[in-house]
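Residue numbers start from 1 in every chain, and the chains themselves are labelled A, B, ... in the order their sequence lines are given, proteins ahead of strands. What's counted below: heavy atoms across the whole structure, side chains too, no hydrogens, waters or symmetry copies.
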Amino acid sequence: MPLIELKNLSKTYNTTAFPVHAVNNVNLKIEKKEFTAIVGPSGSGKTTLLNLIGGLDKPTGGSVFVEDRDIATLKSNELIDFRLHHIGFVFQAYNLIPVFTAKENVEFIMLLQGISKTERDKKAIELLNAVGLGERIDSRPSQLSGGQQQRVAVARALASRPNFVLADEPTANLDSHTAESLLDLMEQLNKDYEMTFVFSTHDPRVIKRAHRVVTLEDGAIKFDVGGKN
Amino acid sequence: MIASLAWKNIWRNKKRSLIIILATALGLWGCLLAGAIWMGWGESMVDTAIDRDLSNIQIHKKGYTQNNEIVNFIPNGFRILKETQSIAGVKAVSGRTLVEAMAASPTSTFGVKIVGIIPAQAKKVTDIYNRLIEGNYFTGNGRNPIVIGKKLATRLGLKLHSKIVLSFQGLDGSLNYAAFRIVGIYKTESSLFDQSNVFMQQADLFRLLSSKPIIHEIAIRTESARIMPQVYDVLKPKYSHLAVQTWEELAPEVAFTSAAMESFTYIFLGIILFALLFGITNTMLMAVMERVRELGVLIAVGMKKGKIFAMILLETILLSITGGIAGIVIGGLSIAYFSHTGIDLSALASSMETFGASTLLHPFLPLDMYIALTVMIVITASISAVLPAWKAVHIQPSAAIRTY
Ligand SMILES: Nc1ncnc2c1ncn2[C@@H]1O[C@H](COP(=O)(O)OP(=O)(O)OP(=O)(O)O)[C@@H](O)[C@H]1O
Ligand SMILES: [Mg+2]
């Protein structure tokens, strides 16, 4: 059973001028522990695809299965709950709640899951140590660099013990050195926690680090290199 | 943690939040103070009316208030007066002999009501003795002493120690004339009362009427205003053959005005809160619009709609309650200050006196008003929160995240 399976997945935006096939009949299987990059030029449909996988958007055709469950069957609030327990999200920027410290940001997602204060504390500190921010747990996002903020976002994504992490251009706002070290971190977590990562990028240096690279063009898969199957 | 998030969110835009907090605080402050002055005025009207002549409970012969003829005295009045004295909760009683009369001076005449009293008894029930501006309250030993109001004195062109002639019907219908010596002139807040009530000793009155001792009215003061209903409940069935009435029944206009003051205060509060409702809604809408992306991220990572709604609601309530508490505190403090010093309205004295209220007002607001107000603020905040929270709940995370 693949962790994620996309069957004939499509998303068409009906703009006034002409329909945009942002994702066009995509079939894709992603297994547990994979470290997959979705790449392609700007406008190729990377964000749209990740949003469909994460249940942030509804497909206009086909289905998304997570562990054989069709997420289209979930009602609005069930879907939010599903995201809370199964998916970790890292966005390009502004991931964090600005009035919360790094630790509170990581804790908050566990609060939503109803985890006890002591466990939240323990886990938040453990994860912030794992992303190399053990010293900065009480810093606000505004007091952290872009790279550090993305590390906090990664820690938060892992805090809910998700099945997989979706990251849409997590390095887009970072310089290449910082981008590399964020990739190091993700790779480390992929190994240590056996966490599945699906991330989009168009940075060649980041693409190099992926174990599997899925290339999109005009919403369709053009290449799929390095997968287990 | 959600509460702390809501609280922290309020202070993200300090200026905007402070403006709405200040508006709430000032609005409530003004409203509370105005309300307290009205309530104080209403209370003053009630208190002065009770102290002047109403007392807490009065007993008459049935039908006396419609037909106040001298023959409608209370049967066995003095026995009943004595009995009421010993009822639990009764502080003092005073029996009054009431006679309609025509007062005449060398220059003018005026219709008055003679109130025949036993001064020692009356002093415990009403405070006319305290309102003398000239002379004394039956402490001298001249013949036929009378105490009249300032207004009547002016009308009839009389002074202290002047002679006043009263004509009135006796029990048998015969017309009596008698001359009295003015030994005291009083002045209350009500010029209406002052011009139409003259006081004399019962003994003098009975002698002039050549009547046995009779009384038309028993005025009862209770230990406290709160115990009045209990005393009333004892008296009412006990003297079912007589008319037992509280001051509220006797002077419904005073009771109504006093109650209306409370209603005014609530209406005024309602108007202020209604205006604030729009300010708060607007502030919170801006707060939600500014945070579309952040709220989108929260929905994306798994914050359910109910929690988002609750967070915005809580934020709105905290914002409003902060202003509300500030308003209640400064309002409460200024009410406490003015209720201590009193507000001197003597500039408006003439119009105030017509209404029968004291010119030195002591504003006050009952505790339940503060509680009701707090509840009203929370309700206002909740209503204000609905639209912003609804907007927040309906943010599409995929669209919100694309906005930078
Ligand atoms: N809400 C929308 N309405 C209409 N068209 C849209 C909408 N969102 C995206 N598109 C279109 O869908 C296509 C795919 O967009 P998408 O954002 O998924 O591309 P992307 O690969 O993530 O691009 P980038 O690398 O610039 O982030 C684009 O042509 C875009 O213009
Ligand atoms: Mg994109």
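Interface check for chain B: of the options A:Pro98, A:Ser160, A:Pro162, A:Gly88, the most heavy-atom pairs under 4.5 Å are formed by A:Pro98. The greatest number of non-hydrogen atom pairs below 4.5 Å with chain B, out of A:Leu84, A:Ile87, A:Leu111, A:Leu96, is found for A:Leu84.
Contacts between A:Phe82 and chain B at a heavy-atom distance below 4.5 Å are absent for every atom of the residue. B:Leu5 touches chain A through backbone and side chain together, each having a heavy atom under 4.5 Å away. When heavy atoms are compared at a cutoff of 4.5 Å, A:Asn77 approaches chain B by way of both its backbone and its side chain. At a 4.5 Å heavy-atom cutoff, the contact between B:Lys305 and chain A is made by backbone and side-chain atoms alike. When heavy atoms are compared at a cutoff of 4.5 Å, A:Gln113 does not approach chain B at all.
For the 3.5 Å distance criterion, the side chains of A:Asn8 and A:Asn27 qualify, holding a donor opposite an acceptor.
Note on ring orientation: taking the six-membered ring where Trp is involved, the planes of B:Trp7 and B:Trp11 are perpendicular (angle over 60°, cut-offs 30° and 60°).
Of the charged side-chain nitrogens involved, none lies within less than 4.0 Å of a carboxylate oxygen, so that A:Lys46 and A:Asp168 do not count as a salt-bridged pair. A:Glu104 has no carboxylate O lying under 4.0 Å from a charged side-chain N of A:Arg156, or vice versa, which leaves the two without a salt bridge.
Heavy atoms from other residues, nucleotides or ligands lying under 6.0 Å from CZ of B:Phe256 number 12 at most.
A:Glu5 places no side-chain N or O within donor-acceptor distance of the main-chain N or O of A:Phe65, the cut-off being under 3.5 Å.
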